[in-house]
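First the structure, in the form of structure tokens, and then the observations on it.
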2 protein chains.
Amino acid sequence: MYERKIPLTIDCGLHLTKEVLNGKWKPALLNAISMEVKRPSAMLRLLPEATRRVLAVQLNEMEAHGLISKKIYPQLPPKVEYSLTNLGWSLMPIIDAMNMWGDQNRSFLEKVIRQDPKIRETSKSACELHRMLHLQKKA
Amino acid sequence: MYERKIPLTIDCGLHLTKEVLNGKWKPALLNAISMEVKRPSAMLRLLPEATRRVLAVQLNEMEAHGLISKKIYPQLPPKVEYSLTNLGWSLMPIIDAMNMWGDQNRSFLEKVIRQDPKIRETSKSACELHRMLHLQKKA
DNA sequence: CAGAATCCACCAGGATACTG
DNA sequence: CAGTATCCTGGTGGATTCTG
């Protein structure tokens, strides 16, 4: 069994929250699940830049952290659906706020972040899809 | 000059926000600055687990991203004060929400996170200090 | 007191292949 | 369709040292 060598800082509320959201795709996955994108294959379609393995890893972590729960349908081919727990739902206002903040300041942020020599190019995303799905649900 | 080899995903609002908050101490630093802990030495005292270098790196990044601004007093010994820009202030509701969410769910989260085999021990923090400073200001 | 340069350990995340 | 095992690379953050 693997053992982390460096202890994490999880004492302060900020750090606890940061820890739980720590993962390249976790906020996006929570967002997706909240919008009824519940199956791993659908999430992969939504986040084509992620790999199956990484999504599985992060989903497992979030399940272990009590943010999502997993329902397995004993079929062939197998079917799995994730859903947000109450704890996961309670996180959505923060996710939404992050989404809105980023969108509101997009033009400025893209400018300053792109000046950052660390960043070379931007990649396409499926966030518009999120929004489309969202609107479809409302209709 | 260093060039990042892997492009980042910064297209979606969520990713933009994640990008600017991406750094072990950034939320804590924003929180500190918002509570009038403006000088690097004071931040170091507040976050004794961080090193001068890392704080400086993350402060520089946040300055480049327009979240904070820096005032240099031409003295000896040198004196520097950081403060939040309007953009930085606009992020504080999110930081606060993260802080509150973590505190509200602390008991549960500490349980499940500690079960996580990746984590070995918890480290002390200065978050209580934040709150004390905050209350002192109000008094 | 503040900052920058160098060096490096660690680990998150990606590639790939295989199983049920 | 979903999950897991193995291997590997890049980069974050820490340690140390030196400057003004």
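Below, each value reflects all heavy atoms present in this structure, side chains not excepted, and no hydrogens, waters or symmetry copies. Each chain gets a letter, A, B and so on, in the order its sequence line appears, and its residues count up from 1.
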Round to the nearest Å and state the distance from [X] atom [atom1] to [N] atom [atom2].
| X | N | atom1 | atom2 | answer |
| --- | --- | --- | --- | --- |
| Q58(B) | dA4(C) | CD | C1' | 16 Å |
| L29(A) | dA2(D) | CG | P | 14 Å |
| W25(B) | dT12(D) | CH2 | C1' | 13 Å |
| L55(A) | dA12(C) | CG | P | 16 Å |
| E81(B) | dG3(C) | CD | C1' | 17 Å |
| L59(A) | dT4(D) | CG | C1' | 14 Å |
| E19(A) | dC11(C) | CD | C1' | 13 Å |
| I72(A) | dG3(D) | CD1 | P | 7 Å |

Out of dC1(C), dG13(D), dT4(D), which has the shortest distance to the side chain of K24(B)?
dG13(D)
In terms of side-chain heavy atoms of V54(B), which of dA2(C), dG13(C), dG14(D) is nearest?
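When the side chain of V54(B) is considered, dG14(D) is the closest of dA2(C), dG13(C), dG14(D).
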Run the numbers on L91(B) and L21(B) for side-chain contact (heavy atoms from CB on, under 4.5 Å), then give the verdict.
CA-CA 10 Å; L91(B) 214 39; L21(B) 290 181; 3.9 Å; yes
Per-nucleotide protein contact string for nucleotides 15-20 of chain D, where B marks a base within reach and S marks sugar-phosphate only (heavy atoms under 4.0 Å, - for neither)
B-B--B
Taking the nucleotide of DNA chain C with the closest heavy atom to each, which residue, V57(A) or P77(A), is nearer the 5' end?
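Of the two residues, V57(A) wins.
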Which of these, T51(B), L55(B), L30(B), sits in a side chain to side chain contact (heavy atoms under 4.5 Å, CB included) with W25(B)?
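Single side chain to side chain contact (heavy atoms under 4.5 Å, CB included) partner of W25(B) among T51(B), L55(B), L30(B): L55(B).
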Among L87(A), L29(A), L84(A), whose side chain to side chain contact (heavy atoms under 4.5 Å, CB included) with L67(A) holds?
L87(A)
Would one find a side-chain N or O of N60(B) under 4.0 angstrom from OP1 or OP2 of dA4(C)?
yes
Can a side chain N or O of K70(A) be found less than 4.0 Å away from OP1 or OP2 on dG3(D)?
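For dG3(D), OP1 or OP2 has a side-chain N or O of K70(A) closer than 4.0 Å.
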Check: K26(B) side chain, N22(B) main-chain N or O, donor-acceptor pair, under 3.5 Å:
yes
For T85(A), is there any backbone N or O sitting under 3.5 Å from a side-chain donor or acceptor partner on S69(A)?
no
Hydrophobic clusters here meaning ILVMFWY residues chained together by side-chain heavy-atom distances under 4.5 Å, can you tell me if W89(B) and Y82(B) are in one?
yes
E19(B) CD to L16(B) CG distance, which is reported to the nearest 0.5 Å:
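If I round to the nearest 0.5 Å, the distance is 8.5 Å.
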With a 4.0 Å cut-off on heavy atoms, is Y82(A) in touch with a base, just the backbone sugar-phosphate, or nothing at all?
sugar-phosphate
